[in-house]
Amino acid sequence: AAAAPPSVALGEGYSVVKLRGLPFNATPEMVVQFFGGFELPMGAAGVHMVLGPNGRPNGEAFVEFGTEEAADAAMVKDRQTLGSRCAAAAQFGAQFWRAIRRNSDRTSLTPSALPSAGTSSCSGRRPSR
């Protein structure tokens, strides 16, 4: 009998992309579809919706990619439309995500400890820094 596949463990080179400007009704599954064609080793389980003070999604999410290269490639989705909204993307490395995990549980991220991804703009111009 074949052994059950091991749970996916992200290696040292994994990377995280933060999305901003998501529709408030966006789900992890919608985010996985948005990144269709890119390697998301944990699927919807690797999509972490940020919750506002009311406990509801606030339009931001963190998405785990298996490698920095996969996250780099996925940045082509920056300023693309998800649902009716324009999603701005910013990339963070594994070190950032480990720090976030130490300071909160994975299912209820709150904006206070999270970095900004700039402003959401689908106009073709990147926000000035």
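Please read all numbers here as calculations on a predicted model, not as lab measurements.
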With rounding to the nearest 0.5 Å, note down the distance linking [atom1] in [X] to [atom2] in [Y].
X	Y	atom1	atom2	answer
Asn58	Arg20	CG	CZ	9.0 Å
His48	Glu60	NE2	CD	14.5 Å
Leu22	Cys86	CG	SG	10.0 Å

Show your reasoning for whether side-chain contact (heavy atoms from CB on, under 4.5 Å) applies to Phe24 and Arg56.
CA-CA 8 Å; Phe24 295 120; Arg56 298 170 70 187; over 6 Å; no
Just checking, any donor-acceptor pair under 3.5 angstrom between side chains of Ser15 and Gln91?
yes
Please determine whether residues Met75 and Leu19 belong to a single hydrophobic cluster, defined as Ile, Leu, Val, Met, Phe, Trp and Tyr linked transitively by side-chain heavy-atom distances below 4.5 Å.
yes
Under the side-chain hydrogen bond (donor to acceptor under 3.5 Å, both in side chains) rule, collect the residues that match up with Asn25, sequence neighbours excluded.
none
Exercise: identify the closest heavy-atom pair between Pro23 and Leu82:
CG-O, 3.3 Å
Contacts of Pro28 that satisfy side chain to side chain contact (heavy atoms under 4.5 Å, CB included) - sequence neighbours left out:
Ala44, Val47, Met49
Kindly indicate whether the side chain of Leu40, heavy atoms from C-beta on, has any atom under 4.5 Å from the side chain of Phe65.
yes
Phe34: which residues meet the ring pair (Phe, Tyr, Trp, His ring centres under 6.0 Å) condition with it, sequence neighbours left out?
none
